[in-house]
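Working notes for the structure below.
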Amino acid sequence: MAGKEKKDVVHQNAIHVETIRKEQMHQKLHTEFSINPYRKLHVLPDKPMSRKPTEVIAENSGFIEAFHKARQEPTKKYTMPLTESQEIGWMSTPLIPSNRKDERFNFYRSSTDVTKHEESALRSSN
């Protein structure tokens, strides 16, 4: 039994032409559109930029208040945290007022005699 022989470019092109001919033979171009009478038709809303007058809907103040309350952060909605994960960060006010001159929390760049010597050594080596 001989192994499969590798097809050359001519044979590959002939296979490709035959495949395209079969596809075109079974292909139909549909240009007419019709709605299926046996399916329910869903009415879609108007386009956002349409100029049709909108219907006036009475406002429900209870719903609007509930909507705004639902969008508030948890610390304003509830007096105490509801879950254990809310306990972390519930009290978000700082314990100590921030002061830019307090050196315990603000670490500014400073030079000492050791750092000045190191900087001069690095500059001279370049």
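In this chain, residues are counted from 1 in sequence order.
Under the 4.5 angstrom side-chain criterion for Ile, Leu, Val, Met, Phe, Trp and Tyr, L29 has no cluster partners at all. As a member of the Ile/Leu/Val/Met/Phe/Trp/Tyr network built from side-chain separations under 4.5 Å, M80 groups with nothing else and remains a singleton.
Dense packing is recorded around CG of L122, with more than 12 heavy atoms of other residues, nucleotides or ligands lying under 6.0 Å away. Counting non-hydrogen atoms of other residues, nucleotides and ligands closer than 6.0 Å to OH of Y38 gives a total of 12 or fewer. For Q72, the CD atom is densely surrounded, since the number of other residues' heavy atoms within 6.0 Å is greater than 12. Taking a 6.0 Å sphere around CZ of F63, one finds it holds 12 or fewer heavy atoms contributed by other residues, nucleotides or ligands.
Under a 3.5 Å cut-off, the side chain of D113 and the backbone N or O of K116 do not form any donor-acceptor pair.
Scanning for side chain to side chain contact (heavy atoms under 4.5 Å, CB included) contacts around E119 gives R109, R123, with sequence neighbours left out. In terms of the salt bridge (charged side-chain N to carboxylate O under 4.0 Å, His left out) criterion, E65 has no residue partners (sequence neighbours excluded). For K101, the side chain to side chain contact (heavy atoms under 4.5 Å, CB included) partners at least two apart in sequence or on another chain are N99.
Among residue pairs with one or both ends in residues 84-93, those qualifying as side chain to side chain donor-acceptor pair (under 3.5 Å) are T83-S85; sequence neighbours excluded.
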Requested in this report: Take R21 and E18, measure what salt bridge (Lys or Arg N to Asp or Glu O under 4.0 Å) needs, and give me the verdict at the end.
Outcome: CA-CA 5 Å; R21 190 179 309 125; E18 183 181 348; over 6 Å; no
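Here the CD1-CZ distance, from I64 to F67, works out to 9.5 Å after rounding to the nearest 0.5 Å.
Contact record, H26 with K22: CD2-O, 3.1 Å, taken as the closest heavy-atom pair.
Side-chain atoms of H16 and N13 form no donor-acceptor pair, as typed in the model, at a separation below 3.5 Å.
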